[in-house]
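Because only heavy atoms are used, hydrogens play no part in the values below, and waters and symmetry mates are left out as well, while side chains stay in.
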Amino acid sequence: MGRVYNFSAGPAVLPEEVLKEAAEEMLDYKGTGMSVMEMSHRSKAFQEILDDAEADLRELLHIPDNYKVLFLQGGAHQQFAMIPMNLMKHKVADYIVTGQWAKRAYQEAQKYGKVNKIASSEDKTFSYIPDCSDLPVSDDADYVYICENNTIYGTKFKTLPNTKGKLLVADVSSCFLSEPMDVSKYGVIYGGVQKNVGPAGMVITIIREDLITEDVLPGTPTMLTYKTHADAGSLYNTPNCYCIYMCGKVFKWLKKQGGLEAMKQYNEKKAKILYDFLDGSALFQGTVVPKDRSLMNVPFVTGNDELDARFIKEAAAQGFVNLKGHRSVGGMRASIYNAMPIEGVEKLVEFMKKFEEENR
């Protein structure tokens, strides 16, 4: 069987060129006589892989010198706890809840202090981003938290919230490296890499240096203290070596595509093809307020559960896989991350047109 078009929300599609490179190096990485999977994290060869990955990421995002890049384990979910453990100096934080993962982060933070939900879109099944231009930001809040792109619901902050001078913390898991961003506007950015950057098993955290201190909540484990990892250059313990290696290859691939500005244009072009079809379709409907639509995750429905199930089944038979929506919302979702080629979206739309004609 040939390669399918994989619309999974994560673990997700990776650039074919990167996979082929990794396959070629699987048994012998650059004359070391071993795979990166077998390599000591203390070796010179791996240190070069790590240094290159960080340098390329810094270049892609124009990360200022006063920010640290940390390659951590535990995924984005572990950051739900690490953020309050490290940043809740006054034990108060404000959260904007625009989806399932923001909601989980909000719930987790409540274990560590007073957490205020200052805006939410739960009233309409997270189908929009609330107006965040004049929020009731708490005077004593240590930070304001957002999930910038909501994977399940397909919404995206197009304008960052007005935090009224408070630190902004953002989970960018499903939009990470899909477009340029101004890192200096955030205190902390983090993203699980399995959506748009690499294989599962790691989170990348970009954190301003002044926020990395020993002044953390009492009882914070050594492994959950940012300073532990910053001081050790992400090598306090054995990191996810192979994941760092694969992410490094993706960073080089992104640079080859022209960087994040070029990637944004490509992603906008891909998303437009699918959204334009949905907007004109008599059978399929998008579920998100148009102004808040994500370029990465596109949820849609027919309005009939039986028809949705038939579409998913027939699409898979044609090589369009992982289109089933998240179990909490149903319907369909096409995740069209950086590595999804434009032909994949074009062919999906062709299939959707045919399905619509056959099921009117």
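The hydrophobic cluster containing V183 also contains I204, counting ILVMFWY residues as joined when their side-chain heavy atoms lie under 4.5 angstrom apart, directly or transitively. Criterion: ILVMFWY side-chain heavy atoms under 4.5 Å apart, direct or through other members. Under it, I152 and V288 are not part of a common hydrophobic cluster. Residues V92 and V144 are members of separate hydrophobic clusters, defined by side-chain heavy-atom contacts under 4.5 angstrom among Ile, Leu, Val, Met, Phe, Trp and Tyr. Cluster membership for L211 and V216, using ILVMFWY side-chain heavy atoms within less than 4.5 angstrom, is not shared. Both I63 and V193 belong to a common hydrophobic cluster when Ile, Leu, Val, Met, Phe, Trp and Tyr are linked at side-chain heavy-atom distances under 4.5 angstrom.
Of the possible polar contacts, none joining the S138 side chain to the D140 backbone as a donor-acceptor pair under 3.5 Å is found. Listed for the E209 side chain is no donor-acceptor partner under 3.5 Å among the backbone atoms of I207. Although no hydrogens or angles enter the test, the distance criterion places no donor-acceptor pair under 3.5 Å between the side chain of N116 and the main chain of I118. Panel note: side chain T228, backbone T222; a donor-acceptor pair is recorded below 3.5 Å. Although no hydrogens or angles enter the test, the distance criterion places no donor-acceptor pair under 3.5 Å between the side chain of Y153 and the main chain of T287. Here the side chain of Q257 pairs no donor or acceptor atom with the backbone of A262 at under 3.5 angstrom. No donor-acceptor pair under 3.5 Å is formed between the side chain of K68 and the backbone N or O of D231. Proximity of a side-chain donor or acceptor of S35 to a complementary backbone N or O of M26 within less than 3.5 Å is detected. Although no hydrogens or angles enter the test, the distance criterion places no donor-acceptor pair under 3.5 Å between the side chain of D308 and the main chain of M332. In this structure, the side chain of T225 engages the main chain of P221 through a donor-acceptor pair within 3.5 Å.
Between the CD1 atom in I49 and the OH atom in Y245 there is a gap of 7.0 Å [rounded to 0.5 Å]. Atom CD of E17 is separated from atom CG of L19 by 10.0 Å, given to the nearest 0.5 angstrom. Note that CD of E21 and CE of M246 are 9.0 Å apart. Values are rounded to the nearest 0.5 Å. To the nearest 0.5 Å, atom OH of residue Y226 and atom OG1 of residue T220 are 11.0 Å apart. Between the CG atom of L50 and the CD1 atom of I244 there is a distance of 5.5 Å, given to the nearest 0.5 Å. Between D182 atom CG and L61 atom CG the span is 10.5 Å, to the nearest 0.5 Å.
Judged purely by distance below 3.5 Å, without hydrogens or angles, the side chains of N297 and T151 never pair a donor atom with an acceptor atom. A donor-acceptor contact closer than 3.5 angstrom is absent between the side chains of N267 and K264. When only modelled atom types and interatomic distance are considered, D171 and S173 share a side-chain donor-acceptor pair under 3.5 Å. For T213 and K89, the side-chain atoms include at least one donor-acceptor pair closer than 3.5 Å. Residues D292 and T155 bring no donor and acceptor atom of their side chains to less than 3.5 Å of each other. Side-chain contact of H326 with R333: a donor-acceptor pair under 3.5 Å is absent, judged by distance alone. If you check the side chains of Y112 and N86, you find no donor sitting under 3.5 Å from an acceptor.
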- Item | D56 and K252: CA distance, side-chain angles, deciding distance, side-chain contact (heavy atoms from CB on, under 4.5 Å) verdict | CA-CA 7 Å; D56 287 337; K252 289 196 185 302; 2.6 Å; yes
- Task: Starting from the C-alpha separation in whole Å, work towards a yes-or-no answer on side-chain contact (heavy atoms from CB on, under 4.5 Å) for L168 and K185.
- Result: CA-CA 7 Å; L168 178 62; K185 290 185 176 177; 5.5 Å; no
- Message: Evaluate F300 against Y275 for ring pair (Phe, Tyr, Trp, His ring centres under 6.0 Å), listing each step before the verdict.
- Response: CA-CA 10 Å; F300 56 96; Y275 283 127; 9.7 Å; no
- Chi angles and distances behind the side-chain hydrogen bond (donor to acceptor under 3.5 Å, both in side chains) call for D123, Y128: CA-CA 10 Å; D123 61 326; Y128 71 102; 2.7 Å; yes
- Do M39 and Y242 pass the side-chain contact (heavy atoms from CB on, under 4.5 Å) test, and can you show the C-alpha distance, the side-chain angles, and the key distance before you say yes or no? CA-CA 9 Å; M39 193 176 283; Y242 200 77; over 6 Å; no
- Task: Would you check, one step at a time, whether the test side-chain contact (heavy atoms from CB on, under 4.5 Å) holds for V197 with F251?
- Result: CA-CA 8 Å; V197 187; F251 301 156; 3.5 Å; yes
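Counting heavy atoms from C-beta on, the side chains of N237 and M223 come closer than 4.5 Å. The shortest distance between side-chain heavy atoms of Q318 and F355 does not fall below 4.5 Å. At a threshold of 4.5 Å between non-hydrogen side-chain atoms, the residues W253 and P15 count as touching. Within the 4.5 Å cutoff, side-chain heavy atoms of M202 are placed close to those of C247. Contact annotation: the side chain of H77 approaches that of F80 to within less than 4.5 Å [non-hydrogen atoms, C-beta and beyond]. Annotation: side chain of N66 is in contact with side chain of R208 (closest heavy-atom distance under 4.5 Å). Between M296 and K195 the shortest side-chain heavy-atom distance does not fall below 4.5 Å. You'll find the side chain of M82 reaches within 4.5 Å of the side chain of Q79, heavy atoms only.
Other residues, nucleotides and ligands place more than 12 heavy atoms under 6.0 Å from the CD atom of E358. Annotation: L27, atom CG; neighbour count of heavy atoms from other residues, nucleotides and ligands within 6.0 Å does not exceed 12. Atom CG of D65 is surrounded by 12 or fewer heavy atoms from other residues, nucleotides or ligands within 6.0 Å. The environment of NZ in K158 is crowded: more than 12 heavy-atom neighbours from other residues, nucleotides or ligands sit within 6.0 Å. Other residues, nucleotides and ligands contribute only 12 or fewer heavy atoms inside 6.0 Å of the NZ atom of K313. No more than 12 heavy atoms of other residues, nucleotides or ligands lie within 6.0 Å of NZ in K256, so this atom counts as exposed by the packing criterion. Around atom CG of D139, no more than 12 heavy atoms belonging to other residues, nucleotides or ligands sit under 6.0 Å away. With a 6.0 Å radius and a threshold of 12 heavy atoms from other residues, nucleotides or ligands, H90 has its NE2 atom at or below the threshold.
In summary, K166 and D94 do not engage in a salt bridge, as defined by a charged side-chain N under 4.0 Å from a carboxylate O. Under 4.0 Å is where a charged nitrogen must lie from a carboxylate oxygen, and between E54 and R58 at least one such pair does. For E25 and K249, the salt-bridge test passes: some basic side-chain N is under 4.0 Å from an acidic carboxylate O. Salt bridge annotation for E350-K354: absent, with no cationic side-chain nitrogen under 4.0 angstrom from a carboxylate oxygen. For E24 and K20, the salt-bridge test fails: no basic side-chain N is under 4.0 Å from an acidic carboxylate O. In this structure, E108 pairs ionically with K111, as a charged nitrogen and a carboxylate oxygen lie closer than 4.0 Å. Using a 4.0 Å cut-off between charged nitrogen and carboxylate oxygen, K164 and D134 count as a salt-bridge pair. Of the charged side-chain nitrogens involved, none lies within less than 4.0 Å of a carboxylate oxygen, so that E48 and K30 do not count as a salt-bridged pair.
Ring geometry for Y145 versus Y190: interplanar angle of 30 to 60°, hence tilted.
Less than 6.0 angstrom separates the ring centroid of F311 from the ring centroid of F351.
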